[in-house]
Q: 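First, the structure itself, so that you have it in front of you.
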Amino acid sequence: MLVRPYRAGDEAALLALWNATMHADPVNAASFRTQVLLDPNFRPEGLLLAEEQGQLAGFVLVVYRQTPLFQQD
């Protein structure tokens, strides 16, 4: 199994896996981009993807707040 950081082009496979496994917390491309990728605290090394035989098998998302969210402490 290969574990690597998120990179451009991973979005479709990641969203497919997310929605296939987390039925109570589905996400679409627009909300994923807004809530994850466009978050000023997002770092690709905090979104690790696990691949097995070239297929996405899992992921973990870690966000460390370095910049406060807009109008929040």
Side-chain angles (χ1 to χ4, degrees):
M1 186 170 287
L2 169 71
V3 176
R4 63 170 179 79
Y6 176 87
R7 60 183 178 229
D10 288 332
E11 187 175 306
L14 191 149
L15 292 176
L17 180 61
W18 182 313
N19 289 320
T21 58
M22 295 194 285
H23 306 284
D25 190 22
V27 67
N28 62 39
S31 61
F32 177 74
R33 286 183 198 126
T34 300
Q35 295 173 0
V36 177
L37 300 180
L38 297 177
D39 183 328
N41 296 290
F42 173 73
R43 303 290 182 272
E45 60 272 12
L47 178 49
L48 298 176
L49 284 71
E51 290 182 350
E52 189 165 24
Q53 298 179 4
Q55 298 294 315
L56 187 61
F59 65 92
V60 62
L61 173 61
V62 177
V63 177
Y64 176 76
R65 293 275 170 229
Q66 300 173 26
T67 303
L69 293 174
F70 182 68
Q71 295 184 342
Q72 295 182 9
D73 293 334

Q: Any idea which heavy atoms bring P44 and P5 closest together, and the distance?
A: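 Nearest pair, atom of P44 first, then P5: O-CB, 3.5 Å.
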Q: Kindly work out whether a path of hydrophobic side-chain contacts (I/L/V/M/F/W/Y, heavy atoms less than 4.5 Å apart) joins M22 to V36.
A: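 Yes; V36 is reachable from M22 via cluster members.
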Q: I want to check something: taking the side chain as every heavy atom from C-beta on, are E52 and L2 in contact at a cut-off of under 4.5 Å?
A: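 SC-SC contact between E52 and L2 ruled out.
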Q: Show, in sequence, the C-alpha distance, side-chain angles and deciding distance for D39 and R65, and conclude whether the salt bridge (charged side-chain N to carboxylate O under 4.0 Å, His left out) test is met.
A: CA-CA 10 Å; D39 183 328; R65 293 275 170 229; 2.7 Å; yes
Q: Considering the options V60, V63, V62, L14, which one meets the side chain to side chain contact (heavy atoms under 4.5 Å, CB included) requirement together with L47?
A: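 Passing option: L14.
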Q: Indicate, with yes or no, if V27 and L49 share a hydrophobic cluster defined by side-chain heavy-atom contacts under 4.5 Å among Ile, Leu, Val, Met, Phe, Trp and Tyr.
A: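 Cluster IDs for L49 and V27 match.
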Q: Which pairs with one or both residues in residues 21-56 pass ring pair (Phe, Tyr, Trp, His ring centres under 6.0 Å), sequence neighbours excluded?
A: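 Not a single pair qualifies under ring pair (Phe, Tyr, Trp, His ring centres under 6.0 Å).
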Q: Kindly give the heavy-atom pair with the smallest separation between W18 and D25, and that separation in Å.
A: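 Smallest heavy-atom distance, with atoms named: NE1-O, 2.6 Å.
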Q: Determine whether more than 12 heavy atoms belonging to other residues, nucleotides or ligands lie under 6.0 Å from atom CD of E45.
A: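 Check passes, neighbour count above 12.
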Q: Please list, chain by chain and in numerical order, all residues satisfying side chain to side chain donor-acceptor pair (under 3.5 Å) with Q66, sequence neighbours excluded.
A: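 In terms of side chain to side chain donor-acceptor pair (under 3.5 Å), with neighbours along the sequence ignored, Q66 is linked to R43.
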Q: Distance check, rounded to the nearest 0.5 Å: M1 atom CE versus Q53 atom CD?
A: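 The CE atom of M1 sits 9.5 Å away from the CD atom of Q53.
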Q: Of the non-hydrogen atoms in E51 and R7, which two are nearest, and what is the gap between them?
A: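 Shortest heavy-atom separation between E51 and R7 comes out as OE2-NH2, 4.3 Å.
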Q: Are Y6 and F59 connected in a single hydrophobic cluster, I mean Ile/Leu/Val/Met/Phe/Trp/Tyr linked by side-chain heavy atoms less than 4.5 Å apart?
A: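 Yes; tracing contacts between hydrophobic side chains, which count when under 4.5 Å, links both residues.
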Q: Does any part of the side chain of D10, heavy atoms only, come nearer than 4.5 Å to the side chain of R4, both counted from C-beta?
A: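 Side-chain contact under 4.5 Å: yes.
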Q: According to a hydrophobic-cluster definition based on side-chain heavy atoms being under 4.5 Å apart (Ile, Leu, Val, Met, Phe, Trp, Tyr only), do L15 and L17 belong together?
A: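 Hydrophobic grouping puts L15 with L17.
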Q: Starting at CG of L37, measure out to OG of S31 and round the result to the nearest 0.5 Å.
A: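 The OG atom of S31 is 10.5 Å from CG of L37, to the nearest 0.5 Å.
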